[in-house]
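Each chain gets a letter, A, B and so on, in the order the sequences are listed, and its residues count up from 1.
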There are 2 protein chains.
Amino acid sequence: MSRIKEIENRLVHAKYKLTTPRRLIMEILLENEGEHLTAEDIHNRLRDKGYQVGLATVYRTLELFCELGILARLNFEDASSYYELEENDQHHHHLICLSCSKIIEFSDELLEDFMESIEKKYGFEVTDHKIKYLGYCSDCSN
Amino acid sequence: MSRIKEIENRLVHAKYKLTTPRRLIMEILLENEGEHLTAEDIHNRLRDKGYQVGLATVYRTLELFCELGILARLNFEDASSYYELEENDQHHHHLICLSCSKIIEFSDELLEDFMESIEKKYGFEVTDHKIKYLGYCSDCSN
DNA sequence: GGATTAATGAATTCCATTATCACTTGAAAA
DNA sequence: TTTTCAAGTGATAATGGAATTCATTAATCC
Ligand SMILES: [Mn+2]
Ligand SMILES: [Mn+2]
Ligand SMILES: [Zn+2]
Ligand SMILES: [Zn+2]
């Protein structure tokens, strides 16, 4: 099943429609998979491709996609929110270089045990987690 | 050495003065240790105690204290920044309940090994890390 | 068709934070 | 002690990302 079709199924299942703006936004996200985009990034890329979608719609759509688990909203150390496709298989986290702002991704397999111990210790049902390591990348630590 | 005196030493060492506004802000933070306060929280508490300190000064002071490692700036899932005294001994993290917004703190001793493996794998010099577990607290998961 | 509801987008508003700038403070120099 | 002057302050305005409003449009259901 195509990626777009899979998204449409999820929308329809949650009683939403795959409208043209939503499809266009999803296409931008798919075309730029691996990047971390802001709402304005997406709005600009749509405009560059000749599509006119309101910025409010971009925000609303990104929020909707987050609620449906299609997207993840990321907050690095600046004011903006960044979005990326949520790959249901390999959840990952980010190393943020304080010098050049480079973002390096890493998976969190090793953290499983730690998370479980947290759940037991505090009776807290963990549904999501956000881990950020700040520091200096190999290019900048010399 | 008193807590305030220790802070003053740090300021002076970095060529800053412990001015009246800075001392008042620090007193609020000390009086509310353990809480997570916004700039406006602090501004309001100062006003309630009869002290008039400009909101801009509160922001500037909080930023300065963060730079000096006196405070930690926390970002939960809303728009504001929260501040708490940085206890140089026991670094901790936060469990955030998605239902009642309760914040539960936990230490990160168990994460040491994982952090080291990250440093080796990516040649990334970790100087700080921020971990957030989201989910449902024991009161809300029933 | 007509009625109802969802979705859109331009514009406006919100709101936390930052910038501006005239004024104040206080420590060092004269 | 007076003068000097950089550091610090605070009222206010500006900023910018995000949310809201509301009239319009599109889709859906009798
Ligand atoms: Mn990523
Ligand atoms: Mn805390
Ligand atoms: Zn770097
Ligand atoms: Zn709760």
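Distance B:R22 CZ to C:dG26 C1': 13 Å, rounded to the nearest Å. Separating the CG atom of B:D41 from the P atom of C:dT17 is a distance of 10 Å, rounded to the nearest angstrom. Straight-line distance from the OH atom of B:Y16 to the C1' atom of D:dA6: 13 Å, rounded to whole Å. Rounded to an integer number of Å, the gap from B:H43 NE2 to C:dC15 C1' is 15 Å.
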Quick one, give me the B/S/- string for nucleotides 15-30 of chain D, reading 5' to 3', where B means a protein heavy atom under 4.0 Å from the base and S means that only happens at the primed atoms, P, OP1 or OP2. --SB-BB-----SS--
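Salt bridge status for A:R47 with A:E40: absent, with no side-chain N to carboxylate O gap under 4.0 Å. A salt bridge between B:K49 and B:E31 is present, with a side-chain N of the basic residue lying under 4.0 Å from a carboxylate O of the acidic one.
With B:L62 as the fixed residue, the side-chain contact (heavy atoms from CB on, under 4.5 Å) test singles out one of B:I42, B:I70, B:T38: B:I42.
Residue pairs satisfying the salt bridge (charged side-chain N to carboxylate O under 4.0 Å, His left out) criterion with at least one member in residues 17-28 of chain B, sequence neighbours excluded, are listed as follows: B:R23-B:E27. For residues 97-126 of chain A, the salt bridge (charged side-chain N to carboxylate O under 4.0 Å, His left out) pairs, not counting sequence neighbours, are A:K102-A:D139.
In this structure, B:Q52 does not reach the D:dT9 phosphate: none of its side-chain N or O atoms is under 4.0 Å from OP1 or OP2.
Within the 4.5 Å cutoff, the side chain of A:E86 has no heavy atoms near those of the A:L71 side chain.
Checked against D:dA11, D:dG10, C:dG9, the side chain of B:V53 finds its nearest nucleotide in D:dG10.
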